Protein chains: 2
Amino acid sequence: MKLSTKGRYGVKAMLDLAIHSAEGHIALKNIAERQDLSEHYLEQLIATLRKAGLVKSIRGAQGGYTLAHEPSEITVGEILRALEGSLAPVDCVLENEPADCVYSSKCVTKKIWMKIRDSINQVVDSITLQDLIDEYNELNKSEGYMYYI
Amino acid sequence: MKLSTKGRYGVKAMLDLAIHSAEGHIALKNIAERQDLSEHYLEQLIATLRKAGLVKSIRGAQGGYTLAHEPSEITVGEILRALEGSLAPVDCVLENEPADCVYSSKCVTKKIWMKIRDSINQVVDSITLQDLIDEYNELNKSEGYMYYI
DNA sequence: TTTAATTCCTACCTCATTACTCGGTTTTCA
DNA sequence: TGAAAACCGAGTAATGAGGTAGGAATTAAA
């Protein structure tokens with residue numbers, strides 16, 4: 001039940017973008033350096049995020065990335081699902097195209113997996129990038145930029 | 001974010017044991033046949049459950065397994081954590097011995113992983129085997145044993 | 001108009017884990 | 001004493017995770 005680095009790095013990258021959004025579009029190189037991630041690997045992740053419509057890119061020299069929407073309009077759930085796929089703990093309870101099972105809907109344990117899935121979605125869909133920015137700023141205001149992403 | 005077969009098979013096996021508890025101790029072979037699982041593989045899983053104190057074994061001919069406690073005293077969370085380890089989505093928020101991270105407690109994203117972890121635990125710890133038995137019996141009472149584990 | 005910075009794209013690689021199988025040994029009931 | 005069962009440790013094939021490598025396309029700036 002672990003999140004892969006895709007999801008974790010993706011949230012970090014998106015929050016980094018959000019926090020530095022005042023600087024306009026931002027080169028992947030800068031995000032990778034600040035967050036200590038492989039630039040080449042991050043490239044693949046942000047390609048996924050771009051195809052999911054969560055970031056916009058500007059090509060060429062001085063190019064870079066920006067969020068496609070306001071931070072308050074982007075949830076952690078959208079980011080995680082774009083990179084990890086469904087957060088369902090078992091394929092028989094995927095939101096779309098659940099894996100078919102001989103036991104179909106007549107299964108008691110399936111209800112457990114649905115509850116887990118729903119509670120995870122409920123948590124991640126209730127957290128927006130703006131919430132994270134606010135928390136980051138609030139904590140750093142009193143502590144002097146000791147907090148990280 | 002997928003549960004492995006260990007956790008899924010483990011819950012099935014435990015619920016099978018619970019439902020057939022009136023028959024006394026039950027051979028692994030029977031569980032494996034009813035639930036359509038590899039007997040040899042299940043053997044490894046139930047060894048873990050035994051070491052975790054969730055089932056008791058009786059060796060020799062006519063031996064088998066029984067639940068170590070009442071179904072109402074065994075939660076899905078205990079079963080899953082015994083077989084899967086912590087359900088924390090990221091190692092930095094493991095309940096005991098969280099992986100140390102340079103960003104230690106000064107990390108905004110870490111709070112997301114804690115919320116996910118807590119909500120998963122809250123769900124699985126609130127479901128006991130007795131709850132599953134009751135649901136199984138209730139559904140089958142009206143539908144005539146159409147429901148599965 | 002060239003150069004450098006940057007995004008975009010496809011392929012490949014290595015390692016750890018998952019989901020088992022295999023072949024026994026030990027224990028105990030009938 | 002034989003068969004049925006739990007117990008045990010090793011091996012194995014497939015899969016996915018977490019990258020790396022190398023370049024092509026695009027564009028601002030010199």
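In what follows, every chain begins at residue 1, and chains take the letters A, B, ... in the order their sequences are listed. Computed from a predicted structure; not experimentally measured.
Within the structure, no pair that satisfies the salt bridge (Lys or Arg N to Asp or Glu O under 4.0 Å) test touches residues 41-62 of chain A, not counting sequence neighbours.
Sequence order on DNA chain D of the closest nucleotides to A:His40 and A:Lys6 puts A:Lys6 first from the 5' end. Of the two residues near DNA chain D, A:Leu3 and A:Gln62, the one whose nearest nucleotide lies more 5' is A:Leu3. Between A:Gln44 and A:Gly60, it is A:Gly60 whose nearest contact on DNA chain C lies nearer the 5' terminus.
Within the 4.0 angstrom heavy-atom criterion, only backbone atoms of the sugar-phosphate kind lie near B:Arg50; the bases stay farther away. Residue A:Ile46 is out of contact with every strand shown, counting any heavy-atom pair closer than 4.0 Å.
Counting atom types as modelled, A:Glu43 pairs no side-chain N or O with a base atom of D:dT20 as donor and acceptor under 3.5 Å. Counting distance only, with no hydrogens placed and no angle test, the side-chain atoms of B:Arg59 and the base atoms of C:dT26 include a donor-acceptor pair under 3.5 Å.
With distances taken from any side-chain atom of A:Ser57 to the nucleotides C:dC20, D:dA17, C:dT7, the minimum falls on C:dT7. Checked against D:dA5, D:dC7, C:dC20, the side chain of B:Ala27 finds its nearest nucleotide in D:dA5. Picking from D:dC7, C:dT7, C:dA19 the nucleotide with the shortest atom distance to the side chain of B:Tyr41 gives C:dA19.
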| said: I'd like to know whether A:Arg81 forms a salt bridge (Lys or Arg N to Asp or Glu O under 4.0 Å) with A:Asp125, so could you lay out the CA-CA distance, the side-chain angles of the two residues, the decisive distance to 0.1 Å, and finally the verdict. | reply: CA-CA 10 Å; A:Arg81 281 189 298 269; A:Asp125 287 341; 2.8 Å; yes
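With hydrogens and angles left out, the side-chain atoms of B:Asp118 and B:Gln122 include no donor and acceptor closer than 3.5 Å.
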